[in-house]
There are 4 protein chains.
Amino acid sequence: MEPKPTPPAGRRELTKAQNRETILAAARQVFAQLGFAATTVRDVIRATPLASGTFYNYFKSKEEVYQALRDEVALAVRPRLRAARAGAETAEAFLAQNFRAFFQFVAESGSPAPERFRMDSPQVLAGFAELQADIEAAMARGVLPAADAGALTAALVGVAFELAERVKAGAEVEAMTAFATALFMGGMAALPKA
Amino acid sequence: MEPKPTPPAGRRELTKAQNRETILAAARQVFAQLGFAATTVRDVIRATPLASGTFYNYFKSKEEVYQALRDEVALAVRPRLRAARAGAETAEAFLAQNFRAFFQFVAESGSPAPERFRMDSPQVLAGFAELQADIEAAMARGVLPAADAGALTAALVGVAFELAERVKAGAEVEAMTAFATALFMGGMAALPKA
Amino acid sequence: MEPKPTPPAGRRELTKAQNRETILAAARQVFAQLGFAATTVRDVIRATPLASGTFYNYFKSKEEVYQALRDEVALAVRPRLRAARAGAETAEAFLAQNFRAFFQFVAESGSPAPERFRMDSPQVLAGFAELQADIEAAMARGVLPAADAGALTAALVGVAFELAERVKAGAEVEAMTAFATALFMGGMAALPKA
Amino acid sequence: MEPKPTPPAGRRELTKAQNRETILAAARQVFAQLGFAATTVRDVIRATPLASGTFYNYFKSKEEVYQALRDEVALAVRPRLRAARAGAETAEAFLAQNFRAFFQFVAESGSPAPERFRMDSPQVLAGFAELQADIEAAMARGVLPAADAGALTAALVGVAFELAERVKAGAEVEAMTAFATALFMGGMAALPKA
DNA sequence: TATGAATGAGGCTTCATTCAT
DNA sequence: AATGAATGAAGCCTCATTCAT
């Protein structure tokens, strides 16, 4: 309350809208490094040229930035995945296009892993539900064999996320796409020879 | 854990080892409920008949108990997984026994993964390396087809963790074991019919 | 205070003096409601169509508006009290006119004392000094009996402020004036019968 | 969270119960100087040899210390005033004993004025209600003349508090007692000659 | 001048850890 | 050893004030 003076100000280079991006970028980085729980708002601010108060002009709390990040990601991937699935007429195409789109996204998004995102944001959950619905539709059309759609979705997601780590670590998008697709098409026996 | 009032006169004081166990048990419970960051040492102590200072006679820090807990988990699973793989003479047995052991462990342990397992504890990383080594050995023996062993390990882990979630949510261990095994043996086409 | 939407085109921009008044009016309201410490500059500005920076074109600080407000009050009462005393030829008139003027002011002003008047503003202190001087003069003229003028001033002020609370709470100005005057004229025995 | 080391500790001279008193004493001082609103918990702590966290071992907030202080005062004065009134058989005795007890209390309590206490603590309000009840009883017994008891209480309180300021500033307890008693007994005419 | 985002001191509070007993 | 009060760094956030536009 009532701070006495206020020393000469400093930086004021960034535009308003840019600051939001600055904060999001810093948050992306820090969350990736420390995880959600260990990250403090201060950590985020420190990774920024901004003052602590500025954070609160854009986000009410750590939760809110995190939310924003997750939704940003989900918002960015979902249309791509949707588009990838759209034209798929065969199981192989369905799989390959999904995996490729996801791995490409990951490869583009920069290595500092957006942290194995917790799967509970509304946007993310919606994304999964969407995938599962598409899988069910594909099963109904006969494009995919009938099976436990929930488990299959989970398996796809699990493989996608784990292999994405390898992509981030430098693996080729096409190699991982081929690997994952082959696995789901024909099991281990069908995998590309090492 | 222990009753608050002083135990009946004839009873021996808690031994040191018992106190350590008391703290670990409380920590297991509290960390599972709140996650690492949200848990305070006071929360752990409160779940105990001990005083706050006593905590530090047994653990150097909050990190240390958490560490101990994670390693305890890894320590508990690894032998089971190792045993599961040991006798496997066929690929199918190798997979099924691994998955079954893991899902059973998860089903028994209640909530083994408070915040979706951090994969960075030394013990956990060692567990992965061990799995990958076993896979490579199996490939060499011809039990598993030759392929990118790292990617295969990743895929196995991804599927195992995602389906484990379904087990926690009530799915049958055998059903998930069959599902995962079939997936890796023959791909989607081989999955049990829905 | 002023409507948020831009005023009709034909209307002249608010003049500087009007802005000052706008701010003072808003401050009067907000300080009265929340007290000094609980009031934020933003609260004051929010009660205004102006922007936060504009505040500082008119006042150097939050203190300054508050000061201005207190002095405004003192400035408003003092002439009325002075006038009230001016013509008093008898002790009774002196007292009654002072009390009446003060109680009337309080009754009109709504909540003149947000947090029970801090007695330390220069204007307020000057007001007291002036009252005491007048009392001393009146004693010298024989209008008031010779006594400890400082203590008498204090007693008058104490009674005036406490009864003012009752006026704010709905008591009649005349009743309180009569009560206070009678008390100082003849003590408890002279008070109006209940 | 998780401060890394913790530099060598320091002071640890005071006993537990003493610390509460230490804080209350500091609070008494600081509130008197700055008033309730302007005082921060930090101000109180700084007026103490204790660490910031220690404050919260004793009080949950600024409000709580303030409460404690007010109640402490009210608790200390009320019995004395009650005792003062108890034996009063005449109006003059009733007044003189009340005023004397109050002024003595103020004189003893040390100069750093416990700030013109806001009259809204439960204890303080109860004290007023008690006084008013005694006044009403005295009126009923004929010890005090029948009049507006609420207004009379207010007037007594106003005079008591204002003259208490003079006592704090060095005036004699007996002189102020005589002044106030005379005022209420016979009005200005009855006041001791200057 | 008016605007409103940026700034950062400083308020409040928690909690890992120490240490006198 | 066990205890639990004390410690103080550090988290969170507000808000008076400045300054580029």
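Proteins come first, then strands; the chains are lettered A, B, ... in the order of their sequence lines, and each starts at number 1.
No hydrogens or angles considered: nothing links the side chains of C:Asn57 and C:Thr54 as a donor-acceptor pair under 3.5 Å. Side-chain N/O atoms of C:Thr22 and C:Asn19 include no donor and acceptor closer than 3.5 Å.
Note: CG (A:Asn57) to P (E:dT7) measures 9 Å, nearest angstrom. One atom, OH of C:Tyr56, and another, P of F:dA20, lie 17 Å apart when rounded to the nearest Å. Spacing between atom OH of B:Tyr58 and atom P of F:dA2 amounts to 4 Å, rounded to whole angstrom units. When rounded to the nearest whole Å, the span between CZ of A:Arg20 and C1' of E:dA5 equals 15 Å. If you take CD1 of B:Ile45 and P of E:dC15, they are 12 Å apart, rounded to a whole angstrom. Atoms NZ (B:Lys60) and P (E:dT18) sit 11 Å apart, rounded to a whole Å. Between D:Arg42 atom CZ and E:dG11 atom C1' the separation is 7 Å, expressed in whole Å. Between the CD atom of A:Gln18 and the P atom of E:dA6 there is a distance of 11 Å, given to the nearest Å.
Here F:dT17 is the nucleotide among F:dT17, E:dA6, F:dG11 with the atom lying nearest to any side-chain atom of C:Lys62. Among the nucleotides E:dG11, F:dT17, E:dA6, the one closest to the side chain of C:Ser61 is F:dT17. Listed candidates were E:dA2, E:dT7, F:dT17. Nearest to the side chain of A:Ala51 is E:dT7. Considering only the side chain of B:Ser52, F:dA5 comes nearest among E:dT13, E:dT7, F:dA5.
Between the side chain of B:Lys168 and the main chain of B:Val106, no donor-acceptor pair closer than 3.5 Å is present. With hydrogens and angles ignored, the 3.5 Å screen pairs no side-chain donor or acceptor of B:Asp71 with any backbone N or O of B:Ala68.
No hydrogens or angles were tested; on distance alone, nothing pairs the side chain of D:Thr40 with the base of E:dG11 as donor and acceptor under 3.5 Å.
Between A:Phe55 and D:Arg46, the residue anchored nearer the 5' end of DNA chain E, judged by the nucleotide with its closest heavy atom, is A:Phe55. Mapping A:Val41 and C:Thr54 onto DNA chain F via the closest heavy atom, the residue that lands nearer the 5' end is A:Val41.
By the 4.5 Å heavy-atom criterion applied to side chains, C:Val65 and C:Tyr58 are not counted as neighbours.
Regarding contacts with the backbone of E:dA5, every side-chain N or O of A:Asn19 stays at 4.0 angstrom or more from both OP1 and OP2.
Under a cut-off of 6.0 angstrom, the local environment of CZ in B:Arg42 is sparse, with at most 12 non-hydrogen atoms contributed by other residues, nucleotides or ligands.
Once rounded to the nearest 0.5 Å, the distance linking CD of D:Gln67 with CZ of D:Phe59 reads 11.0 Å.
Terminal axes of the helix from E:dA2-F:dT21 to E:dT21-F:dA2 (five pairs each, C1' rotation axis) are separated by 10°, to the nearest 10°.
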